[in-house]
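Here is the structure we will look at, set down as structure tokens.
For ligands, and for the atoms within them, numbers begin at 1 and follow the listed sequence.
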Amino acid sequence: MTYSVKEIYYTLQGEGAQTGRPAVFLRFAGCNLWTGREKDRARAVCNFCDTEFVGTDGPGGGKFKTAEALADAVDGHWPDTASADNPYVVCTGGEPLLQLDDDVIDALHTRGFEVAIETNGTLASPAGVDWICVSPKAGATVVQASGQELKLVYPQKEREAQPDRFEHLDFDHFFLQPLDDDRLDRNTRATIEYCLEHLRWKLSLQTHKIIGIA
Ligand code: SF4
């Protein structure tokens, strides 16, 4: 299998329970809920995406013909100056589960990586993933109903995307993250209020945007 990757880079995880943790981000190209083209956004299942995931032209991106080659590329982004203990890779997208398979996970594990994914939850995860973060979208059925964290963008107006629809799922952490649109301040206040009133939920901020890193 050839893996199409938009970009690979080393940074800090900005969101959720692993906020602040150094990680290599492996951004796969493509998503099953939007083409990534602006002309299709209005009729996409997911229409508030803030990520460039089309093509393979980003830093470190490209087409990788084998799982080993892709894992080598990820490993090459973990800095020599960083501790060799517990290197961490976040597989994201787009939708990483369109491409992430057992071969890639095994190759990353062989190189010592703890493997995380950030998925929209519409596809089942391979068993070997160490940290599963599901971010459900209105209009898209959640198939991956268990993992370490569920991170819901808030508010979404659709009834099926309200927080109480997900509380029965099998996750360790439940995060609400303010929708980053032209009403971010208002969305942040609404998210804070919801968390204060519903103790299952914790606030997740996109700290990478606040501190100005990728
Ligand atoms: S599911 Fe995720 S990657 Fe796909 S369009 Fe929505 S926010 Fe973007």
Side-chain angles (χ1 to χ4, degrees), residues 3-9 11 13-19 23-61 89-101 104 115-126 129 131-163 165-166 169 171 173-184 187-188 191 204-209 214:
Y3 304 93
S4 296
V5 172
K6 176 68 180 179
E7 58 184 349
I8 304 174
Y9 57 98
T11 187
Q13 168 59 285
E15 305 174 357
Q18 302 277 9
T19 293
V24 175
F25 269 63
L26 166 56
R27 185 177 309 288
F28 287 97
C31 181
N32 56 345
L33 300 185
W34 179 39
T35 64
R37 297 187 199 95
E38 284 304 323
K39 69 180 177 59
D40 300 328
R41 186 186 284 274
R43 60 175 183 273
V45 174
C46 180
N47 53 26
F48 54 74
C49 186
D50 60 0
T51 306
E52 285 272 341
F53 58 75
V54 176
T56 57
D57 56 346
V89 57
V90 178
C91 302
T92 185
E95 174 45 57
L97 293 179
L98 292 171
Q99 300 188 67
L100 184 69
D101 57 18
V104 174
V115 178
I117 57 165
E118 302 208 339
T119 171
N120 58 34
T122 58
L123 301 165
S125 171
V129 174
W131 184 275
I132 297 174
C133 173
V134 170
S135 184
K137 306 296 186 286
T141 302
V142 172
V143 171
Q144 182 60 45
S146 62
Q148 282 64 45
E149 62 183 330
L150 185 136
K151 187 172 61 189
L152 183 66
V153 172
Y154 186 83
Q156 298 182 55
K157 59 182 182 303
E158 295 85 353
R159 177 68 194 113
E160 71 265 25
Q162 299 312 304
R165 291 292 176 105
F166 303 102
L169 299 180
F171 290 88
H173 304 273
F174 289 81
F175 285 103
L176 284 190
Q177 186 166 286
L179 174 62
D180 184 8
D181 63 6
D182 55 4
R183 291 184 291 191
L184 177 59
N187 296 339
T188 301
T191 307
S204 172
L205 295 176
Q206 293 185 293
T207 60
H208 52 295
K209 293 182 180 177

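- With hydrogens and angles left out, the side-chain atoms of E95 and T119 include a donor and acceptor closer than 3.5 Å.
- The aromatic rings of F175 and H173 lie parallel to each other, with less than 30° between the two planes, well short of the 60° mark.
- In this pair, F53 and W34 present their aromatic rings perpendicular. The plane angle is above 60°, beyond the 30 to 60° band.
- Of the possible polar contacts, none joining the Q13 side chain to the A23 backbone as a donor-acceptor pair under 3.5 Å is found.
- The main-chain N or O of P155 is never found under 3.5 Å from a side-chain atom of K157 such that the two would form a donor-acceptor pair.
- Any protein N/O/S atom under 2.8 Å from atom 8 (Fe) of ligand 1 was counted, giving 1 altogether.
- Ion pair K151/E118 flagged as a salt bridge, since at least one NZ, NE, NH1 or NH2 atom sits closer than 4.0 Å to an Asp/Glu carboxylate oxygen.
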